[in-house]
There are 2 protein chains.
Amino acid sequence: MFIEAGDIDALARGCAVLGTGGGGEVSTEALVARQAIEQYGPVRLVTLDDLHDDDIVMPVGGIGAPSVSAEKIGSGDEVEFLRAAVEGILSLPVGALMAGEIGGGNGLYPIAAAARMGLPLVDGDGIGRAFPEVHMASMNVAGLMPEFVVVADERRNSVLIRPIDGKWAELLARAVTEVFGGSAAMADYVMPVSRARGAIIEGTVSQALRIGRAVLSATNPVAALVEAVGAVKLIEGKVADVERHTAGGFVRGSVVVEGYGPDAGRLVRVEIQNENLVALEDGAVLACVPDLITLVDSQSADAVATEVVRYGQRVAILAFPCAPIWRTPRGIEIAGPRAFGYDFDYVPMEAGHGVQA
Amino acid sequence: MFIEAGDIDALARGCAVLGTGGGGEVSTEALVARQAIEQYGPVRLVTLDDLHDDDIVMPVGGIGAPSVSAEKIGSGDEVEFLRAAVEGILSLPVGALMAGEIGGGNGLYPIAAAARMGLPLVDGDGIGRAFPEVHMASMNVAGLMPEFVVVADERRNSVLIRPIDGKWAELLARAVTEVFGGSAAMADYVMPVSRARGAIIEGTVSQALRIGRAVLSATNPVAALVEAVGAVKLIEGKVADVERHTAGGFVRGSVVVEGYGPDAGRLVRVEIQNENLVALEDGAVLACVPDLITLVDSQSADAVATEVVRYGQRVAILAFPCAPIWRTPRGIEIAGPRAFGYDFDYVPMEAGHGVQA
């Protein structure tokens, strides 16, 4: 199967939904991906079974606060630069690219480079959504070590991190990204196909495409999206308050939605660290990480990113289940609410209507 | 020639004088060096001419605020770890160690590892004194690029920086050091002997030994030190004020010395960024970087480090000339007063008595 220029719109919409508010700005990445495909041809989308066991998969993405990366445009050849660095380290050719995270602009990030370099793209990613920190990867949950992480900027500075664990990878990559001005390109968990099996989340590019197509072809986009991802609509209403600041390399803050229609009189607050982390109502947890919480436009079902959500917007808040690996004890430990500093246990979104935080 | 355990005291005193207040804590490094020599044998001190043109010289040292490194003790095998990283990058064995800077504890830093690993130590360094920033190296003045910098911590995290220039090397290494807790081990400007010629400052280990021996054998240590380094004594007096804080990975502040005896009624202020940068009197520059400014105990001539200088200490402030490479236009550009944010031109210490800043 190939990703054609005509697929990018649907893919971008799907990635935005899976981005849970983050994962980087989508529209610029979509533009870059579409232009590259038009110029260099479509990108072959492959499963792990289409590749050889020892083919090297290079996950790539942008790191940094989305509010910065939206304004700080890269050179366009960061992935080529990362590939050269990785091939120098491994003395092996890269066989396929993969999105480090499918959510947001990062889901589209490898496409332009794949088109230019003629490399296939793995139908999968390392999260199944977007998460703000480097060690919040399914490969980490599966017990793989990030043997090295390469962070590069548009000036052609590069930094190779060999951390003792995922947490140090995050701390070091974040500090380097800050020096680079708040956003950078990153490759981590570079691995042969044999190690990727069971460690990556397969099928997420196809899933994003399916989500986008369902929304695009629907007369009631929100209902179509709810069905496509198996979501619960937590509330529909107007954005009544937005608090947002960029600090320590992250966008942090919260959004309050005031219900209307059947939801009149209700208030739901969503708390943010690049991505939407928790949805709360009257102190009760409606949904929380690692499950997905996405604000969408109540008419178009377009996902609303944390860095652009604004007072008065009419939105629906959807919650839908994360990939099963995130619901394992180690998955919850790495990306459950306590990993983000919350003092309550994970509540699956299916059960989360009214559990006291 | 060999560095024996009995040489360490003199060498440590000399390194402290060349440290101009910084370069890292000396006494711990001296202890570690002496113990390693007693256990593994003396360290062969070599000139570049004793080595082959393609032998790899690895400059090493500690990076970070001296106030942190004095309390945050390393694992003791950081240099071995750096060596393994460097040999992995180059696919070549390291032929000799060298102090990245001769000043302060960093002048002694490679000795223990050289003893343990049986590697020779180059009689020279990359500064001829101590400087606070990574790009302030004679190799940079000579036009060599820091192709890579390796920073490692005692936990065995390592970071390989491939910067586009020395300034980016400094920014990135500093941020990584901060993540590591404020001090770390570093190798930079790793190079073959053929490139080290004319780019390093040769003979500085011997010089430090000579300075230390001159002081140790003298009946008037300050006079002996003045003669040994060709210094001017700017003032002798009591420390009347110390302002010091650790920020952004550096110790910054100032020390005011109030003269007594023949200097009664005079006040000299020394400004600090890890090292002593400028000596001022009534707004006039007495001496400034890249020349060396060292506070010494007025009785013992022991150098007083910026992180321990205290109110009431009786000291002499000495100024003496830097290595000639620092007085070239590029040397002044990299480490003259303007490189540290001062709005005045370099004044050679020989001429600097009363030039208005």
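Computed from a predicted model, the values in this text were never measured in an experiment. A note on names: the letters A, B, ... follow the listed sequences, proteins ahead of strands, and every chain is numbered from 1.
Of the listed residues A:L171, A:I164, A:I89, A:V176, the one with more heavy-atom pairs under 4.5 angstrom with chain B than any other is A:I164.
Considering CG of A:N157 and CG of B:D165, their distance stands at 7.0 Å, rounded to 0.5 Å. Note: A:L160 CG to B:S158 OG = 7.0 Å, rounded to the nearest 0.5 Å.
Judged as a salt bridge (Lys or Arg N to Asp or Glu O under 4.0 Å), and not counting sequence neighbours, the contacts of B:E87 are B:R83.
Between B:V179 and A:W168 the shortest heavy-atom distance is O-CZ3, 3.6 Å.
In this structure, the side chains of A:V159 and B:L172 come closer than 4.5 Å at one or more pairs of heavy atoms.
Residues of residues 139-152 of chain B placed with any heavy atom under 4.5 Å of a heavy atom in chain A are absent; none qualify.
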